[in-house]
Amino acid sequence: MAKKLEIKQLNIEHLSAVMELQKKVIDGLQKDEKHFVLTRSAQDFIKALEHENTYMLGVFDGDKLIAQSIFAYPQNGQERDIPEFAEDVPNAELVVYKAVLVDKDYRGCGLMRHMLDYIEQESKKFGKKTSIIQIAMDNPASWMSAMNNGMIICKVDHDPYDNAKVLYLKKNLHSGVVPSAKTGYKQFTMFVGSNIHQYIPALFNKMQHYVAQGYYGVGVDKKSHSLVWAKPDVQNNCTRPVTASVPSKTIHY
Ligand SMILES: CC(C)(COP(=O)(O)OP(=O)(O)OC[C@H]1O[C@@H](n2cnc3c(N)ncnc32)[C@H](O)[C@@H]1OP(=O)(O)O)[C@@H](O)C(=O)NCCC(=O)NCCS
């Protein structure tokens, strides 16, 4: 029988559970996956749990915290995470996703996507218009989850701080238009295979090339193991791609 999981905002009482989950997830990463997430100190989490423009969401199986994410609402004029991306969006309109972690025992049922869906609905109530995230290129579980939430790949680059290959994804939270030929976009699919890891270096180069040509990674075609790329068809007067918003769901595990 499916289990019901509870998703809710975390507070300072959850600090030890948050630290424990971070340790479990980071200890479980392979050597070549350690760059997927920054190890955060208790002090870092306290800021998020005490709501200094940063918040935390958690997923519980009974009393057990099994997934968590930090999200930030930067203020105008304030330094923010990922300053090299979405520079045209005022801070006050942004929600920035960070430190998404799912307990290994609970992976495979889309909890990251569910958390992003939930945060997105909350963020809209606070007038946020755009969500952003930066994800390591060799972490397809994470960027597929973000794409399942409707985020689109807008930039493919090296992280300016550690030079890692990274993807930058963004979502317009108030648009219901899906890029397609009907909505004025040219599009094509790019085969990524069922074992993405094998092709990471080549994929990164290809993705950089498509972004340089004005394309955005707008979706996943599971049947053909492909990513869908689209760009505004100038003859149709479109200026930028937008994505459908995805409604939150009850989570069954
Ligand atoms: C990234 C993470 C949060 C995702 O956990 P999750 O929500 O359980 O993700 P899932 O296992 O349900 O996978 C999500 C999607 O990625 C796909 N995916 C998972 N592993 C994959 C892989 N190795 N290659 C390609 N696709 C993969 C899944 O098929 C799924 O897509 P689908 O629903 O369309 O089939 C989790 O793997 C994690 O905690 N990793 C370690 C910490 C981390 O990397 N955090 C992200 C920092 S940005």
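In listed order, ligands and their atoms are each counted from 1. Not measured: the values here are computed from a predicted model. Sequence positions, counted from 1, serve as the residue numbers for this chain.
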Any chain of hydrophobic side-chain contacts (each under 4.5 Å) joining F204 to F191? no

Surrounding CD of Q213 (heavy atoms of other residues, nucleotides or ligands, distance under 6.0 Å), is the total greater than 12? yes

Check each protein residue for a heavy atom under 4.0 Å from ligand 1 and list those that pass, ordered by chain and number. V25, L29, F36, V37, V100, L101, V102, R107, G108, C109, G110, L111, M112, N139, P140, A141, S142, M144, S145, N148, I196, H197, K222

Geometric cation-pi criterion K128 and Y73, 6.0 Å radius, 45° cone: yes

Go through the structure and list residues passing side chain to side chain donor-acceptor pair (under 3.5 Å) with D81, not counting sequence neighbours. K98

Tracing side-chain contacts under 4.5 Å among Ile, Leu, Val, Met, Phe, Trp and Tyr outward from F45 reaches L10, I12, L15, V18, M19, L21, V25, I26, L29, F36, V37, I46, L49, M56, F60, L65, I70, L101

Taking ring pair (Phe, Tyr, Trp, His ring centres under 6.0 Å) as the definition, give me every residue that meets it alongside F85, ordered by chain and number, with sequence neighbours left out. Y168

